Amino acid sequence: MRYSKLLGKTRKDAPKDEIAVNAKLLFRGGFIRREVAGVYNYLPLGFRVIEKICNIVRDEMNAIGGQELLLSSLQNKESWEKTGRWKSFDALFKLTSILDNQYPLGPTHEEVIVPLAKQFIGSYKDLPLAVYQIQTKFRDEKRAKSGILRGREFLMKDLYSFHVNEKDFNKYYEVMKKAYQNVFNRCKLKAILTEASGGAFSKLSHEFQVITDSGEDEIIYCPGGDFSSNVEISPVKEGKQCDLGHGELKRAKTIEVGNIFPLKTKFSDAFGLTYKNTEGKDTLVIMGCYGIGITRLMGAIVEVYNDDKGILWPSSVSPYQVHLVHLGGVEVAASPPSEVRRVADKTYEALKKANIEVLYDDREDVSAGEKFADADLIGIPIRLVVSQKTLRLREWKRRAESKTELLQIEEVLRRLG
Ligand code: ATP
Ligand code: MG
């Protein structure tokens, strides 16, 4: 992609009312633009990050038998009345149509998936079943001051699983914990498996919490990794000695990037979702639900991976792998193109041909300092420079390091391949 053509350019300052680091940097880097409070547009760079995260999530959900589908956002009020959540779900957006009909605007999808699954689940032979979607959710959040960490509109992956009994459900729940860890590991986030309230569904659920000062949640956890609990339900306080000898339990601010819940028969009961067991007896289906906040995850990555110059994307979620820059100043704009420009263009073509995702800062009227500052702000892991000084060689630099190396194009392609 040529930077000169890219929709979304860098800016020196963010709007004053964007307080969160993720919102400031993503605005300045040209990844997002706010529509109204708690609602963001994702520009091409931001959309590429989302797609990277979605594909990691898809990969891991498909690997454990998840089938992807897409459910409706405008939902059925009757279904929400059946579960009691038309009244009890605080953040539910209630839409009134011009014909005076009312629709819940989906904050979650149990009320859609359970009646749908009921059309297809008849016998124990239809179970287990796991379906998921990546879809925009709407929640009328009272506070929406954390940039994309807490939106009124946001992207979530939600998976629902259906089982013949608790034993089969418990087995899948453990498989899911592992799949979640894979997702967060691949996004280079350390997500701590944390006991949390099960809400109206069951005693406990499990959250995946990423430690960072900008987090809205708090956990008490053992640095040895064998215990973590949301402070809301924690049976112990910080400072207590870990039972397994790992020292004192600590307290930290965190971002909840995922949450998995046993639903037991809460929703199958409400909708009469049963299957015929081996003896032909109608039996309630046991369910679980599993969420990952895709856009929140993107925000969490920015909160963890930044410095005073900008973002440092882990390569697995970076919008591009290489940020190619050519230096030459105004003389480069001369026609025919200067040698620097020709080498840079050729490098760009070679990278594209090798299927390497490259953002090419092809601007002619911009100083080296500005180009470097923009590359640091955008945060692509590798910067490659072509300049008059080093025409034959490309200067290779990692975003996270200050060291530079001069490489032949073959070596560049080998390293990126
Ligand atoms: P929170 O406690 O932060 O309000 P929640 O527990 O209500 O979130 P869940 O219903 O568990 O959220 O949703 C699953 C996941 O969706 C969360 O773990 C989180 O990553 C993400 N998520 C929830 N609400 C938002 C939001 N308003 N904006 C962005 N992501 C969200
Ligand atoms: Mg939650």
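In listed order, ligands and their atoms are each counted from 1. Everything numeric here is computed off the predicted structure, so don't read it as measured data. Worth knowing before you read on, the calculation uses all heavy atoms, side chains too, and leaves out hydrogens, waters and symmetry mates.
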Q | Polar contact flag for Gly293 and ligand 1 (N/O pairs, less than 3.5 Å) | A |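 The answer is yes, given that Gly293 and ligand 1 share an N or O pair closer than 3.5 Å.
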
Q) Do Asp217 and ligand 1 have an N or O pair less than 3.5 Å apart? A)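 By distance alone, the answer is no.
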
Of all the non-hydrogen atoms in the protein, which one sits nearest to [atom], and at what distance?
atom                    : value
atom 11 (O) of ligand 1 : Asn259 OD1, 3.2 Å
atom 24 (N) of ligand 1 : Phe154 CZ, 3.5 Å
atom 18 (O) of ligand 1 : Glu256 OE2, 2.6 Å

(Q) If the contact criterion is a heavy-atom separation under 4.0 Å, does Val257 count as touching ligand 1? (A)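 The answer is yes, since Val257 has a heavy atom less than 4.0 Å from ligand 1.
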
Q.
Measuring from non-hydrogen atoms of Leu149 to any atom of ligand 1, is the shortest distance under 4.0 Å?
A.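 Within the 4.0 Å threshold, so yes.
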
Is the closest side-chain donor-acceptor distance between [X] and [Y] under 3.5 Å?
X      : Y      : answer
Asp361 : His326 : no
Tyr173 : His206 : yes
Glu216 : Ser146 : yes
Glu111 : Ser79  : no
Asp217 : Gln209 : yes

Q: Answer yes or no for Asn259: is there an N/O/S atom below the 2.8 Å cut-off from the Mg ion (ligand 2)?
A: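 Short answer: yes, at least one N, O or S atom is under the cut-off.
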
Q) What atoms of ligand 1 come within less than 4.0 Å of a heavy atom belonging to Glu141? A)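 So the atoms of ligand 1 that pass are 24 (N), 26 (C), 27 (N).
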
**Q.** Interfacing atoms of ligand 1 (cut-off 4.0 Å, heavy-atom, Gly151)
**A.**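 Those qualifying, in numeric order: 26 (C), 27 (N), 28 (N), 29 (C).
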
Q: List the steps and the verdict of side-chain hydrogen bond (donor to acceptor under 3.5 Å, both in side chains) for Thr347 and Arg394.
A: CA-CA 9 Å; Thr347 307; Arg394 281 86 181 154; 3.1 Å; yes

(Q) Suppose we only allow N, O or S atoms; which atom of Glu256 ends up nearest to the Mg ion (ligand 2)? (A)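 Result: OE2.
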
Q) For atom 12 (O) of ligand 1, which of Glu153, Glu207, Arg139 has the closest heavy atom? A)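 It is Arg139 that holds the nearest heavy atom.
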
**Q.** Selection from Arg150, Lys137, Lys157, Arg152 by shortest heavy-atom distance to atom 4 (O) of ligand 1
**A.**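 Going through Arg150, Lys137, Lys157, Arg152 one by one, Arg150 has the nearest heavy atom to atom 4 (O) of ligand 1.
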
Q: Assert yes or no for the condition that the ring centre distance of Phe201 to Phe267 is strictly below 6.0 Å.
A: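 Yes, the ring centres sit under 6.0 Å apart.
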
Q. Counting only heavy atoms, which portion of Arg296 has something under 4.0 Å from ligand 1: side chain, backbone, both, or neither?
A.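 The answer is the side chain of Arg296.
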
Q) Side chain, backbone, both or neither: which part of Met156 comes within less than 4.0 Å of ligand 1 when only heavy atoms are counted? A)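 Answer for Met156: side chain.
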
Q: For Trp313 and Ile378, indicate whether the former's side chain and the latter's backbone hold a donor-acceptor pair under 3.5 Å.
A: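 Yes; at least one donor-acceptor contact below 3.5 Å.
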
Q. Can any side-chain N or O of Lys190 pair as donor or acceptor with the backbone N or O of Val210 at less than 3.5 Å?
A.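 Not a single qualifying donor-acceptor pair exists.
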
**Q.** Among Phe93, Phe138, Tyr40, the one residue meeting side-chain contact (heavy atoms from CB on, under 4.5 Å) with Glu153
**A.**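 That would be Phe138.
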
